[in-house]
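Letters go in sequence order (proteins before strands), and every chain restarts at 1.
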Number of protein chains: 2
Amino acid sequence: MATGRTHRPATRSRGIPEATVARLPLYLRALTALSERSVPTVSSEELATAAGVNSAKLRKDFSYLGSYGTRGVGYDVEYLVYQISRELGLTQDWPVVIVGIGNLGAALANYGGFASRGFRVAALIDADPAMAGKPVAGLPVRHTDELEAIISDNGVSIGVIATPAGAAQQVCDRLVAAGVTSILNFAPTVLSVPEGVDVRKVDLSIELQILAFHEQRKAGEDSASAAATASAARSGAGGVRSSASRKGPDGDVPAVMPA
Amino acid sequence: MATGRTHRPATRSRGIPEATVARLPLYLRALTALSERSVPTVSSEELATAAGVNSAKLRKDFSYLGSYGTRGVGYDVEYLVYQISRELGLTQDWPVVIVGIGNLGAALANYGGFASRGFRVAALIDADPAMAGKPVAGLPVRHTDELEAIISDNGVSIGVIATPAGAAQQVCDRLVAAGVTSILNFAPTVLSVPEGVDVRKVDLSIELQILAFHEQRKAGEDSASAAATASAARSGAGGVRSSASRKGPDGDVPAVMPA
DNA sequence: GGATGTGAATCGCTTCACAGCC
DNA sequence: GGCTGTGAAGCGATTCACATCC
């Protein structure tokens with residue numbers, strides 16, 4: 001999960017569950033591919049496979065949007081592309097700014113997936129004066145001083161933060177003050193924002209850590225020694241928990257602190 | 001959510017809920033920051049705030065790991081850092097390969113967040129012969145031909161795919177055949193993998209699309225015209241179906257939705 | 001007194017299974 | 001006959017609220 005709803009008591013945004021909203025882009029991508037191959041209709045089964053979900057979930061998801069299918073037949077690809085696009089708000093143009101033009105910011109600026117949906121990179125912003133004016137992905141990098149002007153001149157409501165962690169909150173505050181109400185945060189830090197501002201976060205290392213967790217489990221299933229280690233860890237963790245005593249039952253000493 | 005568990009019947013990985021696992025890296029990050037500031041203990045309340053979750057959830061999460069706190073006092077920062085690191089498998093070294101050294105791949109290679117946890121970039125791999133040998137983030141780019149050798153020589157079990165969508169499945173297949181069992185996929189495509197291989201995906205444009213959805217809703221609350229558009233869209237969508245509308249059992253919002 | 005640890009209640013998502021319609 | 005649309009059941013995660021312990 002790479003999400004970060006900020007406050008808000010679970011706003012089931014008018015009937016469409018959050019989990020469904022998160023999958024709509026997936027369906028849209030699969031449908032767009034079908035559309036390009038001029039496939040006229042799909043069954044929930046086929047589309048679900050293409051999107052990597054199961055068909056019951058897909059049908060349920062679509063049922064929140066309306067009755068767009070035809071029983072015994074399936075869904076009209078073009079029509080569904082349109083409906084989902086509209087539901088997601090992609091039939092309109094969304095100017096976005098990217099703040100922090102390091103490696104990641106540059107990668108984002110060049111990322112085709114933004115432009116191909118309704119997103120338009122209105123400006124690239126960086127705090128380094130040496131970067132100012134340099135073209136990245138065909139756009140000149142602007143200095144942070146211009147941030148407020150850029151936001152209001154372009155009517156930007158979505159900002160992408162790709163700065164180092166230390167600068168993120170400050171950038172966030174300025175974006176919000178300038179009128180941005182949705183933020184996609186790539187900096188590894190928790191942003192605090194006022195009510196009404198949405199933040200989603202993508203943390204690259206978190207995803208890897210989750211994989212490492214499962215990977216470790218797999219290793220434990222195979223080799224005996226690894227399994228022993230793992231299960232010792234386990235019983236220390238979830239186990240009996242006799243009275244008190246932190247520290248796992250056996251040799252489980254900290255001593256060497258990891259990274 | 002940017003996840004992608006592949007098959008597997010919900011493997012509540014031996015007692016620790018998936019949702020909890022996904023938050024452990026968050027806690028770890030907050031704890032590491034406290035550790036660097038030499039803070040000896042934290043309460044669930046403080047730590048929860050720092051990690052961006054609520055304290056009840058945090059305590060519940062920690063309860064799956066064991067009783068590592070002290071009632072009336074809080075949690076020992078260093079000790080908790082160690083326990084979570086170990087639980088996540090970060091006390092060991094994880095060699096990873098990054099395949100596809102375009103803008104994004106290069107950004108990932110340079111990303112400090114990998115190295116700082118237990119991850120070590122063992123190799124950068126790209127299909128472009130012109131890239132071969134060129135240094136990126138201090139490592140020479142290797143050609144795809146060497147993929148299998150690199151995986152087995154380094155005992156790599158985690159692979160990162162940052163190729164264009166068209167190449168991703170093929171790269172994935174080769175990684176898996178060579179022994180990789182966890183994949184972090186940045187390509188905007190659904191990967192199919194055999195049982196036992198974990199895939200997590202990060203799709204940059206999906207996150208933006210989710211923000212756009214909520215942004216659109218906000219706009220509908222403000223201006224009358226926008227609201228009209230939105231609700232027209234809505235009724236066109238959910239409309240017909242005379243029989244009882246899904247939607248909350250009772251007073252679910254009509255027309256103009258509340259904040 | 002103060003904060004953890006955790007059953008119990010609640011909520012929301014997923015899955016099932018079948019009625020409804022083409 | 002085939003596939004959608006959806007109540008209802010199932011299940012996991014979140015939240016509550018308080019017993020427990022330092």
Side-chain angles (χ1 to χ4, degrees), chain A residues 1 3 5 8-13 15-24 27 41-49 52-76 79-80 83 237-246, chain B residues 1 3 5 8-24 27 41-49 52-76 79-80 83 237-250 252:
Chain A
M1 179 189 349
T3 187
R5 158 121 302 86
R8 259 191 201 221
T11 317
R12 256 205 24 233
S13 289
I16 303 187
E18 201 41 47
T20 295
V21 172
R23 281 188 295 267
L24 292 181
Y27 302 143
T41 59
V42 266
S43 66
S44 62
E45 198 68 54
E46 293 165 326
L47 184 54
T49 301
V53 304
N54 74 51
S55 62
K57 198 186 287 184
L58 178 143
R59 287 199 302 277
K60 192 64 148 182
D61 284 341
F62 286 179
S63 79
Y64 293 115
L65 306 182
S67 296
Y68 292 155
T70 307
R71 292 169 204 239
V73 179
Y75 299 93
D76 181 283
Y79 187 63
L80 207 43
Q83 291 299 344
V240 183
R241 184 175 38 251
S242 58
S243 60
S245 113
R246 65 250 318 278
Chain B
M1 188 190 327
T3 187
R5 157 122 301 83
R8 259 189 203 222
T11 316
R12 253 206 27 233
S13 289
R14 177 52 145 347
I16 303 187
E18 199 44 44
T20 295
V21 172
R23 280 187 297 267
L24 291 181
Y27 302 143
T41 60
V42 264
S43 67
S44 63
E45 198 69 54
E46 293 165 325
L47 184 54
T49 302
V53 304
N54 74 51
S55 62
K57 198 186 289 186
L58 179 143
R59 288 199 303 278
K60 192 65 150 182
D61 284 342
F62 285 179
S63 79
Y64 293 116
L65 307 182
S67 295
Y68 293 153
T70 306
R71 291 169 205 242
V73 179
Y75 300 92
D76 180 282
Y79 187 65
L80 206 44
Q83 290 299 345
V240 197
R241 190 180 31 248
S242 51
S243 65
S245 78
R246 59 343 224 161
K247 190 159 300 180
D250 48 358
D252 207 315

With rounding to the nearest 0.5 Å, note down the distance linking CG in B:L80 to OH in B:Y27.
10.5 Å
Hey, what do you get for CG (B:L47) to CZ (B:R59), rounding to the nearest 0.5 Å?
11.5 Å
OP1 or OP2 of [N] versus the side-chain N and O atoms of [X]: is any pair under 4.0 Å?
X: A:S44; N: D:dT4; result: yes
X: B:T70; N: C:dT4; result: no
X: B:K57; N: D:dT15; result: yes

In terms of the nearest nucleotide of DNA chain D, which residue is placed more toward the 5' end: A:V73 or A:D61?
A:V73
Expressed as a whole number of angstroms, how long is the span from [X]:[atom1] to [N]:[atom2]?
X: A:N54; N: D:dC11; atom1: CG; atom2: C1'; answer: 14 Å
X: B:E45; N: C:dG1; atom1: CD; atom2: P; answer: 19 Å
X: B:D76; N: C:dT4; atom1: CG; atom2: P; answer: 13 Å
X: B:K60; N: C:dA9; atom1: NZ; atom2: P; answer: 13 Å
X: B:Q83; N: C:dG5; atom1: CD; atom2: P; answer: 12 Å
X: A:L65; N: D:dT6; atom1: CG; atom2: P; answer: 11 Å
X: B:Y64; N: C:dT6; atom1: OH; atom2: P; answer: 10 Å
X: A:I16; N: D:dT6; atom1: CD1; atom2: P; answer: 14 Å

If I compare all heavy atoms of A:S43 with all of A:E46, which pair ends up nearest, and what's the gap?
N-OE1, 2.9 Å
Compare every heavy atom of A:D76 with every heavy atom of A:T41, then report the nearest pair and how far apart it is.
CG2-CA, 4.2 Å
Among [options], which nucleotide has an atom closest to any side-chain atom of [X]?
X: B:S43; options: D:dC3, C:dT14, C:dA3; result: C:dA3
X: B:S63; options: C:dT6, C:dC13, D:dT6; result: C:dT6
X: A:A56; options: C:dG2, C:dC16, D:dC3; result: C:dC16
X: A:R59; options: C:dA19, D:dT14, C:dC18; result: C:dC18
X: B:R23; options: C:dC22, D:dT14, C:dG5; result: D:dT14

Which is true for A:Y75 with a 4.0 Å heavy-atom rule: it touches a base, it touches only sugar-phosphate, or it touches nothing?
sugar-phosphate
Within the 6.0 Å centroid threshold, strictly below: A:Y79 and A:Y68:
yes
